[in-house]
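As structure tokens, the structure follows; a few thoughts come after it.
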Amino acid sequence: MNTDKTIDKAYEPHELEKHWYQTWEKSGYFAPSGKGEPYCIPLPPPNVTGSLHMGHGFGFTLVDVLIRYERMRGKNTLWQGGTDHAGIATQMVVERKLQLETKQSRHDLGREKFVDKIWEWKEESGGNISRQLRRMGASIDWERERFTMDEGMSHAVREVFIKLYEEGLIYRGKRLVNWDPVLLTAISDLEVTNEEEEGKLWHIRYPLADDASKHIIVATTRPETMLGDVAIAVHPDDERYQKLIGKQVKLPLTDRTIPIIADTYVDPLFGTGCVKITPAHDFNDYAVGERHKLTPINIFTPTAHINENAPEAYRGLERFVARKKIVADLEALELIDKIDKHKLKVPRGDRSQAVIEPYLTWQWYVKSKVLAEPAIRAVEKGDVRFIPENWNKTYFQWMNNIEDWCISRQLWWGHRIPVWYDESGKSYVGQDEADARKRNKLAADVKLTQDEDVLDTWFSSALWPFSTLGWPEKTPEFNTFFPTSTLVTGFDIIFFWVARMVMMSLKFTGKVPFKDVYITGLIRDSEGHKMSKSKGNVLDPIDLIDGISLDDLVAKRTYGLMQPAMAQKIEKTTRKEFPEGIPSFGTDALRFTFCSVASYTREIRFDVNRLGGYRNFCNKLWNAARYVMMNVGTTLDPDFRRDDTIASSSDDTIASSSRRKPGSSELSLPDRWILSRLQRTIQEAHKQLAVYRFDLFAQTIYDFIWNEYCDWYLELSKPILTTVNYSQEMQRGTRYTLVTVLENILRLLHPIMPFITEDIWQRIAPLAGVKGKTIMLQPYPEVIKDKINDEAEAELEWLKSIIVAVRTIRSEMNIPPGKQLPVLLRKGNDKDKKYLSAHQHSLQTLAKLESINWLKADETPPPAATAFVGELEIYIPFSGFIIKEEETARLNREIGKLDKELTALKTKLGNAQFVDRAPAEVVAKERARLDDIEATLVKLRSQMRALQNAAEPSRPAAG
RNA sequence: GGGUGCUUAGCUCAGCUGGUAGAGCAACGCCCUUACAAGGCGUGGGUCGGGGGUUCGAUCCCCUCAGCACCCA
């Protein structure tokens with residue numbers, strides 16, 4: 001391998017990506033221009049817990065595409081970036097780190113020191129995240145980067161809390177919450193996941209108080225909570241238990257008796273139709289307890305151990321240990337009727353995976369129904385628009401059934417609740433203690449203590465679109481950029497985040513937070529599984545950019561697992577999926593891949609193989625640019641100006657161009673064609689991006705670059721530039737078009753592939769007469785309508801079809817691509833003749849023809865391979881390379897295909913219903929097609945006959 | 001239990017307001033043609049999950065069944 005040359009020839013992303021990002025950032029190109037219509041996207045702030053994953057890479061790439069596009073379109077564009085403190089997640093990470101490194105718990109350290117530790121971690125981790133974002137090419141305005149616990153953000157959080165409190169929309173209540181007995185905090189409904197697990201249904205006998213020989217049987221999935229039972233409930237209409245309602249039963253293992261009550265909540269068909277009521281430990285029971293004015297008995301400590309409210313025998317036992325002992329004791333007393341297998345939904349904390357305990361505590365809540373109403377209307381009215389549209393159903397469903405939001409968390413990391421209590425427990429709110437005193441006119445000697453808890457992380461996230469812009473101050477940024485334009489996020493956080501932003505924003509700014517919400521799919525692995533550390537199937541976007549060896553990848557995936565036993569399995573599947581590790585693809589290829597998978601579907605199986613194709617695409621573009629530079633020269637032709645209108649001629653003959661003035665240019669057919677195709681591409685690109693079809697946007701540009709510009713236009717430019725058959729004017733026109741279209745392509749593609757386009761543009765722009773420091777701030781291509789040229793497109797299609805026809809014959813006959821062939825033409829209409837005389841040279845070059853000769857219309861062609869393009873007949877006479885059998889077989893295949901279609905068409909057109917009822921144009925189209933096929937078949941069949949009569953030609957004397 | 005998606009070529013996916021299907025990758029054949037072998041030029045491959053309905057005509061609209069996935073309770 002000739003390394004020196006290939007390095008020069010090949011596209012090498014790394015250096016260029018690093019170089020250009022630094023240049024952009026240093027030059028301040030990411031900041032809003034201050035001119036034009038405002039356009040703003042708030043970055044969904046990644047958690048400072050760690051590093052960016054594929055989902056981030058995906059979403060942020062799409063945002064960057066939008067941002068770069070709108071910036072180039074001249075809008076005053078702001079990508080507002082930052083990170084989220086992510087209360088529980090971050091606290092857990094740092095706690096674990098502390099435990100590993102110093103064997104200390106956060107309690108050993110104390111609140112203040114522990115929070116300091118987290119801040120240290122935040123600096124490190126936040127830095128990591130912004131490094132990764134930079135590698136991705138994200139054009140975030142770093143000057144304006146925010147963190148949800150910045151002073152400004154915190155001020156906004158307290159402001160919102162105070163206002164809601166003062167309006168009675170925030171209240172403190174003692175009620176059941178989802179309690180995480182491992183993390184020792186309440187969590188919201190949304191943070192609980194319910195998964196079906198194998199469990200048991202215990203049937204327990206509760207003896208009647210007045211007659212211990214009789215008993216009532218209760219079915220339960222949680223026998224240990226019986227120690228907190230306050231009643232047995234039956235359905236009021238359940239005939240089996242009518243007589244027992246109002247009686248007392250003896251609660252086994254305790255010395256308490258409890259009543260039998262009637263409540264419609266009970267499902268008579270489930271279990272025995274009798275339900276134990278444990279208001280302190282079950283959400284439904286709590287409601288029943290309230291209805292019947294029963295006092296809940298809490299039997300658990302915060303860590304879910306049995307507390308002093310239970311009989312001494314069980315105190316101090318962990319809940320599942322207690323369950324075993326209780327069941328054993330009941331069995332000993334012969335109070336277990338039976339034990340059935342039973343599937344049940346087990347609630348687990350989404351962070352800790354601990355089984356969640358419904359637990360009676362004091363917590364702060366936001367009244368949600370009032371806030372939800374305007375938020376529902378905003379989407380109904382279309383002030384906020386979901387894309388794809390059907391996500392609004394999901395949104396409505398949640399919003400219409402919204403429950404109050406538990407916002408307090410028993411954590412140390414987060415926004416401390418701005419509430420102070422006096423010694424009687426009365427609460428006062430304020431920005432700080434002094435403010436709380438002032439607001440409530442409290443004397444200096446009133447002792448106040450602040451609430452120990454912090455707010456749910458999503459409370460501050462809900463303010464993100466406006467708090468980052470300086471709210472509650474009336475900053476210029478807020479006035480300019482709010483409401484923001486678009487939010488790009490995954491459907492997994494519609495409830496957590498999107499809905500709450502809409503609610504809070506309407507409440508506090510009176511405006512929606514954003515107009516469009518583009519909901520992305522979720523990135524999954526190639527098997528369709530969710531990517532997660534514990535499954536060991538995560539991919540780091542940076543590893544796709546830089547590449548990673550198999551061993552490093554295995555090490556990375558198996559490091560620090562919660563379940564080390566998984567390591568072996570993970571290693572095995574990793575080695576199988578990536579036997580060679582992952583090669584380096586560069587950022588641009590990764591970004592293009594992300595765009596190309598961004599359709600409206602909700603699950604995206606990420607296939608690393610696609611990256612290779614798009615890296616190749618980079619290489620293609622790179623080499624196309626090399627070709628252009630080789631042919632255009634290194635200095636600007638003074639006649640070239642961007643989007644210059646250059647005289648066009650209707651044909652490419654040398655004669656017609658001699659009329660031009662010296663120094664002027666003339667556009668050839670390929671020039672006019674590619675300029676026209678460029679316009680259509682630009683049009684389509686705008687159209688697709690307007691509806692957030694990043695996949696079609698990317699595909700449109702890809703197709704144009706590869707299949708039209710490279711495959712056809714560059715090839716067609718070769719004969720013009722390299723032979724003397726063409727005038728200088730025309731060569732100049734071709735050079736102009738080469739460089740102009742390339743310059744347009746680069747701008748078109750820049751939002752997706754910012755690095756390679758900038759790198760090439762820097763060299764191309766001067767040759768195209770374009771001035772500017774960076775492609776980033778160049779105008780995005782707009783359609784120039786009068787360059788759309790239907791005639792040129794039709795004419796070039798004609799040329800292509802002739803070339804393709806010859807190539808197909810050549811390929812099907814296994815004739816080497818380089819072998820020059822003689823071609824005979826027959827019949828054809830005036831247009832065929834005119835086009836042919838104009839483009840003979842191009843045709844000859846691209847189809848590799850030795851000669852082109854016309855036969856008279858009535859002349860019998862020699863034995864030959866044949867193709868028909870409209871009325872034109874193409875013959876490639878038999879030679880050593882073309883043999884009768886192959887051509888016979890080929891013709892047969894062709895006839896077979898057309899015959900089948902003909903039959904179908906005939907039946908269709910023979911159907912009176914179709915002819916009568918279908919639109920005339922559809923019928924006419926089918927008729928034309930029928931005629932076309934029939935004509936072709938006649939020709940093919942006659943060719944077949946001719947072939948059968950022909951003798952095998954003698955091999956040419958010289959090969 | 002309620003809801004939302006998905007099922008199209010070997011794989012991953014497009015398919016606009018209904019007019020009998022496309023791309024990329026993979027496969028196969030021929031080529032190292034002076035931008036690119038990370039390439040060029042061609043080729044093969046699909047009863048569009050099953051059934052029913054509406055329609056002249058259904059991958060597309062409606063119903064139903066099956067499988068898969070997710071969300072809410």
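Basis for what follows: all heavy atoms, side chains included, without hydrogens, waters or symmetry-related copies.
- Taking atom CG on A:N392 and atom P on B:G5, their separation rounds to 10 Å, with Å as the unit.
- Pairs of residues two or more places apart, or lying in two chains, that qualify as salt bridge (Lys or Arg N to Asp or Glu O under 4.0 Å) and include a residue from residues 693-714 of chain A are A:R677-A:E708, A:R693-A:D695.
- For the pair A:R807 and B:G42, the criterion of a side-chain N or O lying under 4.0 Å from OP1 or OP2 is met.
- Among the heavy atoms of the strands, none lies under 4.0 Å from A:L522.
- Using a 4.0 Å heavy-atom cutoff across all strands shown, A:V804 reaches sugar-phosphate atoms only and no base atom.
- Using a 4.0 Å heavy-atom distance criterion, A:N390 is classed as a sugar-phosphate-only contact.
- Closest contact between the side chain of A:R626 and the listed nucleotides B:A14, B:G5, B:A35 involves B:A35.
- To the nearest angstrom, P of B:A14 lies 14 Å from CG of A:D607.
- Checked against the 6.0 Å centroid threshold, A:F694 and A:Y518 count as a close aromatic pair.
- Here the side chain of A:K393 is nearest to one of B:G19, B:U12, B:G5, namely B:G5.
- Separating the CD atom of A:Q688 from the P atom of B:A23 is a distance of 17 Å, rounded to the nearest angstrom.
- Within the 3.5 Å criterion, the main-chain N or O of A:L714 finds a donor-acceptor partner in the side chain of A:S717.
- Atom name P, nucleotides B:C16 and B:G2: the rounded distance is 31 Å, in whole Å.
- For A:K620, a side-chain nitrogen or oxygen approaches OP1 or OP2 of B:G40 to under 4.0 Å.
- One interatomic measurement links the two molecules: CG of A:N401 to C1' of B:G3, which rounds to 11 Å at whole-angstrom precision.
- Comparing the C1' positions of B:G1 and B:G15 gives a spacing of 36 Å, expressed to the nearest Å.
- A close approach under 4.0 Å does occur between a side-chain nitrogen or oxygen of A:S599 and OP1 or OP2 of B:A14.
- Among B:G19, B:G42, B:G5, the nucleotide with an atom closest to any side-chain atom of A:K908 is B:G19.
- Checked against A:W398 for a ring pair (Phe, Tyr, Trp, His ring centres under 6.0 Å), the options A:W497, A:F491, A:F495, A:W391 give a single hit: A:F495.
- Atom P of nucleotide B:A23 and atom CZ of A:F694 are separated by 25 Å, given to the nearest angstrom.
- Base contact: A:A904 has a heavy atom under 4.0 Å from a base atom.
- A:R929 comes within 4.0 angstrom of nothing in the nucleic acid, heavy atoms only.
- In this model, the phosphate group of B:G39 is not approached by any side-chain N or O of A:N623 to a distance below 4.0 Å at OP1 or OP2.
- Consecutive pairing runs in RNA chain B reach the stem threshold at B:1-7 with B:66-72, B:10-13 with B:22-25, B:27-31 with B:39-43, B:49-53 with B:61-65, where a stem means at least three Watson-Crick or G-U wobble pairs with distances under 3.5 Å.
- Remark: A:R929 does not engage A:E926 in a salt bridge, criterion side-chain N to carboxylate O under 4.0 Å.
- At the heavy-atom level, A:T601 lies under 4.0 Å from the strands shown only through sugar-phosphate atoms.
- Contact check of residues 701-719 of chain A against RNA chain B (heavy atom, cut-off under 4.0 Å) returns A:W706, A:C710, A:D711, A:L714, A:E715, A:K718.
- Using a 4.0 Å heavy-atom criterion, one finds that A:Y614 contacts no nucleic acid atom at all.
- Taking 3.5 Å as the limit, the base of B:G29 and the side chain of A:S811 contain a donor-acceptor pair of atoms between them.
- Cation-pi geometry between A:K718 and A:Y627 is met: under 6.0 angstrom from the ring centre, within 45 degrees of the axis.
- Minimum atom distance to the side chain of A:Q397 is reached by B:G2, of the listed B:G42, B:G40, B:G2.
- For the residue pair A:T681 / A:E684, no side-chain donor-acceptor distance below 3.5 Å is found, with atom types taken as modelled.
- In this structure, A:F606 places its CZ atom 16 Å from P of B:C25, rounding to the nearest Å.
- Proximity of the aromatic rings of A:F704 and A:Y713 is defined here by a centroid distance below 6.0 angstrom, and this criterion is not met.
- If you check every strand for non-hydrogen atoms under 4.0 Å, A:R605 touches sugar and phosphate atoms only.
- Within the 4.0 angstrom heavy-atom criterion, no nucleotide atom of any strand lies near A:N609.
- Of the C1' atoms belonging to B:A9 and B:G22, the separation is 10 Å, rounded to the nearest Å.
- Distance from the side chain of A:E603 is smallest for B:A69 among the nucleotides B:A38, B:A14, B:A69.
- Between A:K897 and B:G44 there is a side-chain N or O to OP1 or OP2 distance below 4.0 Å.
- Rounded to an integer number of Å, the gap from CZ of A:F594 to C1' of B:U12 is 15 Å.
- The listed nucleotides are B:A35, B:G19, B:A14; the one nearest the side chain of A:Y627 is B:A35.
- Taking atom C1' on both B:C25 and B:A35, the two are 24 Å apart, rounded to the nearest angstrom.
- The number of heavy atoms from other shown groups lying within 6.0 Å of NZ (A:K687) does not exceed 12.
- Distance from the side chain of A:F914 is smallest to B:G19 among B:G39, B:C70, B:G19.
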